[in-house]
Amino acid sequence: MLQREAQRRPGAAFLSAKGIHKRFGALVVLENLDFSMSDGEAIGIVGPNGAGKTTLLSVLAGAFPPNEGSISFDGVDVTRRTAAERCRSGLVRTHQIPKPFGGMTTFENVFVAASHGNAASRDEAYERVVDSLSVCGMLGVANRPADTLGLLDRKRLELARALATQPRLMLLDEIGGGLTDGEASELVETILELRRRGIGIVWIEHIVHILLQVAQRLICMDAGRIIADGEPKTVMSDAEVVKAYLGGTPA
Ligand SMILES: Nc1ncnc2c1ncn2[C@@H]1O[C@H](COP(=O)(O)OP(=O)(O)OP(=O)(O)O)[C@@H](O)[C@H]1O
């Protein structure tokens with residue numbers, strides 16, 4: 001397993017991306033981007049539509065490779081590792097548009113993640129599923145066909161499936177998107193529980209006041225670059241951020 005290969009270096013970044021370029025044809029989406037974080041950190045990512053946030057998450061998770069640059073996770077160079085290999089080493093992502101396995105129940109969806117995401121015995125996988133469903137408030141819909149779930153439960157299922165892989169770092173892509181404030185607040189409680197378990201979080205979200213209940217550090221992206229990175233309130237009042245993201249002038 002990748003974790004066993006990891007050569008832990010004191011002070012080394014837990015997740016680090018260096019010199020990342022990503023192009024889709026002629027469109028440059030990420031440009032010479034550097035990013036790093038420590039174990040257990042909770043980071044929010046904001047930025048205007050098309051800034052490259054989801055593309056960054058996809059590159060970090062291994063959905064596709066960068067055109068240039070390198071990524072290391074827990075001391076291991078994972079640039080050429082697949083998403084499944086990264087998942088087994090503890091780096092997992094959720095998707096903006098949940099896509100549960102149709103024709104399976106909620107329980108079965110999470111069971112697939114628990115058994116394949118990080119090789120587990122059947123009993124261990126079962127325990128992980130029950131724990132994940134419980135943390136995500138889904139025990140009551142465990143036997144429902146996943147394709148009959150409403151949006152909030154589909155988002156919860158994204159979290160439960162990711163949690164069942166026993167991650168050390170979760171990359172969340174607009175998990176609050178499309179939800180009411182009340183529904184998004186329920187997800188915040190779950191994400192705070194993940195934090196209490198020591199799981200690191202990188203969360204892209206447009207609902208900023210929800211994001212700020214979890215993020216201890218905030219990154220703002222624009223046009224494929226990180227334009228601000230630091231303490232959330234400072235970032236949100238940064239003149240470049242206000243101009244790029246909020247389209248106005250600082251208060
Ligand atoms: N697979 C792809 N092929 C071609 N272009 C793509 C692809 N994925 C993303 N893009 C383009 O890359 C740019 C950045 O997209 P991305 O989804 O990363 O932005 P984002 O910051 O997450 O935006 P949003 O907040 O709207 O989700 C956009 O112009 C998008 O159209």
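Start at 1 and go down the list; that is how both ligands and their atoms are numbered. What you see is a predicted model; the values in this text were computed from it and never measured.
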N/O donor to acceptor pairs below 3.5 angstrom from side-chain atoms of residues 169-185, sequence neighbours left out:
from : atom 1 : to   : atom 2 : distance (Å)
D173 : OD1    : T54  : OG1    : 3.4
D173 : OD2    : T54  : OG1    : 2.9
E174 : OE2    : Q96  : NE2    : 3.3
E174 : OE2    : H206 : NE2    : 3.4
T180 : OG1    : E183 : N      : 3.1
T180 : OG1    : E183 : OE1    : 3.4
D181 : OD2    : H209 : NE2    : 3.3
E183 : OE1    : T180 : N      : 3.0
S185 : OG     : D181 : O      : 2.9

Item to check | Contact with ligand 1 for E174, non-hydrogen, under 4.0 angstrom | outcome: yes
Checklist entry - Which atom names give the shortest non-hydrogen contact between R86 and V59, and what distance separates them? => result NH1-O, 3.0 Å
Next on the checklist: Using a plain distance cutoff, I'd like to know if A51 has any nitrogen or oxygen under 3.5 Å from a nitrogen or oxygen of ligand 1.
Outcome noted: yes
Checklist entry - Does G224 have a non-hydrogen atom less than 4.0 Å from ligand 1? => result no
Checklist outcome for this item: Nearest heavy atom to atom 19 (O) of ligand 1, choosing from A63, G52, G25, belongs to G52
Next on the checklist: Under 4.5 Å between side-chain heavy atoms, counting indirect links through other Ile/Leu/Val/Met/Phe/Trp/Tyr residues: same cluster for L33 and F73 or not?
Outcome noted: yes
Checklist entry - Which is closest to atom 26 (O) of ligand 1 by heavy-atom distance: I45, D222, N49, V28? => result N49
Checklist entry - Is the shortest distance from a heavy atom of G50 to ligand 1 less than 4.0 Å? => result yes
Item to check | Note: D131-R197 ion pair, threshold 4.0 Å (strictly below) | outcome: yes
Next on the checklist: Would the distance check show the side chain of S38 and the main-chain N or O of E41 forming a donor-acceptor pair, the cut-off being under 3.5 Å?
Outcome noted: no
Checklist entry - Just heavy atoms, cut-off under 4.0 Å: does L56 contact ligand 1 by side chain, backbone, both, or neither? => result neither
Checklist entry - Does atom 21 (O) of ligand 1 have a protein heavy-atom neighbour under 4.0 Å away? => result yes
